[in-house]
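Per chain, numbering begins at 1; letters A, B, ... match sequence-line order. Because the structure is predicted, anything quoted here is derived from the model rather than measured.
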Protein chains: 2
Amino acid sequence: MQLKELSERTGVSPASIKFYLREGLLPAGRTVHATRAEYSEHHANRLELIQALRRVVGLNIAQIGSLLKMADGGAPRLELLAAIQRTVLGLDEVGTEHGELRTPAGDAVVRFRNWPDVPSDARNALNAQLARMESLGVPVTAELLDAYSQAVDAIAATNISATTAPDDVNQLIMTAAVGMHLHGQLVLKLLALAHASHAIRRYEKSI
Amino acid sequence: MQLKELSERTGVSPASIKFYLREGLLPAGRTVHATRAEYSEHHANRLELIQALRRVVGLNIAQIGSLLKMADGGAPRLELLAAIQRTVLGLDEVGTEHGELRTPAGDAVVRFRNWPDVPSDARNALNAQLARMESLGVPVTAELLDAYSQAVDAIAATNISATTAPDDVNQLIMTAAVGMHLHGQLVLKLLALAHASHAIRRYEKSI
DNA sequence: CACCTAGGATAGGAGCACTATCCTGTGGTG
DNA sequence: CACCACAGGATAGTGCTCCTATCCTAGGTG
């Protein structure tokens, strides 16, 4: 199909498609003639992926570009998934400029929970977050961290067993990124509700 | 103190302070003469609050403005806290344009968890999120929701008991908003780590 | 032959959070 | 009394991001 049809089928304006082509998010079509290019299903899927990552997950163009480049570069699945996690959960956004890294409390969590003791982005992000919270005067006690980690452990256990990785790379990014984001948001919303509920309870009692 | 001194003490540029004044985020100083205004500690605190809400929590000017207006308007604490939750956790961002609201699964959670059955922002947001996920083809099973809710219930229980509400309104917003945001981020990061850990476990086993 | 299209270049625009400039008037200092 | 720093108001500009629009040429299509 041609650019215009691609646009109509995906609901993305021709101008935006051209923009994505320029930015390298969308591979160029097969040039049939000097003034005719042919786009395939692959392009349509890719376009939908881009839209989902932009509008649902909220990634910016550069982030999407780097994920897609990895995928197209044939990076190993685990690496790709790690990159997705890093990007979607903003694990590399937190300033890692902590000269004074005291005993990282995150590592204690890992040991206590008996999680595999492997350095990872998530772990760095956790330590960074804890440092950040400390520096902002929001204390995180060991008990709290313990309760949190126990809870997320249970979530992750339930979560991981319900996952099947698709074969197509577009599909993989789609499910992983969108799923990760939506599940994160879901937990946040549940947490808000739980928090509100407990607050109401407490408030009722104190009347 | 004068505007310039206020700027030096808080590290916020005079131009920005003027901007906040224009936007109504910062109340005008006490006009001493036609060309002299006097700012107090209150202004400095307010300015720090604005900075925290912008840079740490990531709220935009309009959101900060509406929270501050509520606070200054002498809104009841519970209402203010509800508004903070709504704003910080983005509870009112999700498109609420769901004409087809099937049996809201979120309500089932509430009943099952024995949370107080009160309509709330958090609950609407939860139902909206579930609808959203369904429409995006990300299934949420009852079991998953159950595991999630149990986990967040535990978190909330631990969390709420560690909370003391300060008297000053500025302080209240600061702790509530910043705390809410940081705790949410913490949970997200822990979840990422737990998820990665379980994935590694699973990967090891399958070798 | 009239018309459409791809692709390249370049410019425009909207939204956001500032940032800078200019202006007027005036209080306090020297 | 002269002068300069400063408040406050108005207005415009900046940097960033993500598009969106216009213009162009060359080349197929009915």
*asked:* I'd like to know if B:Glu41 and B:Arg9 make a salt bridge, using a cut-off of under 4.0 Å between side-chain N and carboxylate O.
replied: yes
*Going by an N to O cut-off under 4.0 Å, is there a salt bridge joining B:Asp153 and B:Arg113?*
no
Take the protein atom [atom1] of [X] and the nucleotide atom [atom2] of [N], then report the distance between them rounded to whole Å.
X: A:Phe19; N: C:dG7; atom1: CZ; atom2: C1'; answer: 16 Å
X: B:Ile17; N: D:dA7; atom1: CD1; atom2: C1'; answer: 12 Å
X: A:Gln63; N: D:dT17; atom1: CD; atom2: P; answer: 11 Å
X: B:Lys4; N: D:dA5; atom1: NZ; atom2: P; answer: 9 Å

Would you mind telling me which of [options] lies closest to the side-chain atoms of [X]?
X: B:Lys18; options: D:dC18, C:dC22, C:dA17; answer: C:dC22
X: B:Arg22; options: D:dT11, D:dT20, C:dA6; answer: D:dT11
X: A:Asn60; options: C:dC18, D:dT20, D:dC18; answer: D:dC18

*Counting just side-chain N and O atoms, does B:Ser13 come under 4.0 Å of either OP1 or OP2 of C:dT19?*
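The answer is yes; a side-chain N or O of B:Ser13 sits under 4.0 Å from OP1 or OP2.
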_Criterion side chain to side chain contact (heavy atoms under 4.5 Å, CB included) on A:Lys189 and B:Tyr148, from CA distance to verdict_ = CA-CA 11 Å; A:Lys189 260 128 208 175; B:Tyr148 278 25; over 6 Å; no
*Would you check if B:Tyr20 and B:His43 make a side-chain contact, meaning some heavy-atom pair closer than 4.5 Å?*
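Side chain of B:Tyr20 against side chain of B:His43, heavy atoms only: no contact under 4.5 Å found.
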*Taking side chain as C-beta onward, heavy atoms only, is B:Leu190 less than 4.5 Å from A:Leu145?*
yes
_5'-most by nearest nucleotide on DNA chain D - B:Glu5 or A:Tyr20_ =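 The residue closer to the strand's 5' end, by nearest nucleotide, is B:Glu5.
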_Please identify which of these residues, B:Val118, B:Asp117, B:Leu126, meets the side-chain contact (heavy atoms from CB on, under 4.5 Å) condition with B:Val110._
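Among the candidates, only B:Asp117 passes.
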_Interface residues of residues 25-59 of chain A with DNA chain C (non-hydrogen, below 4.0 angstrom)_ =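 When residues 25-59 of chain A is checked for heavy atoms under 4.0 Å from DNA chain C, the hits, listed by number, are A:Thr35, A:Arg36, A:Ala37, A:Tyr39.
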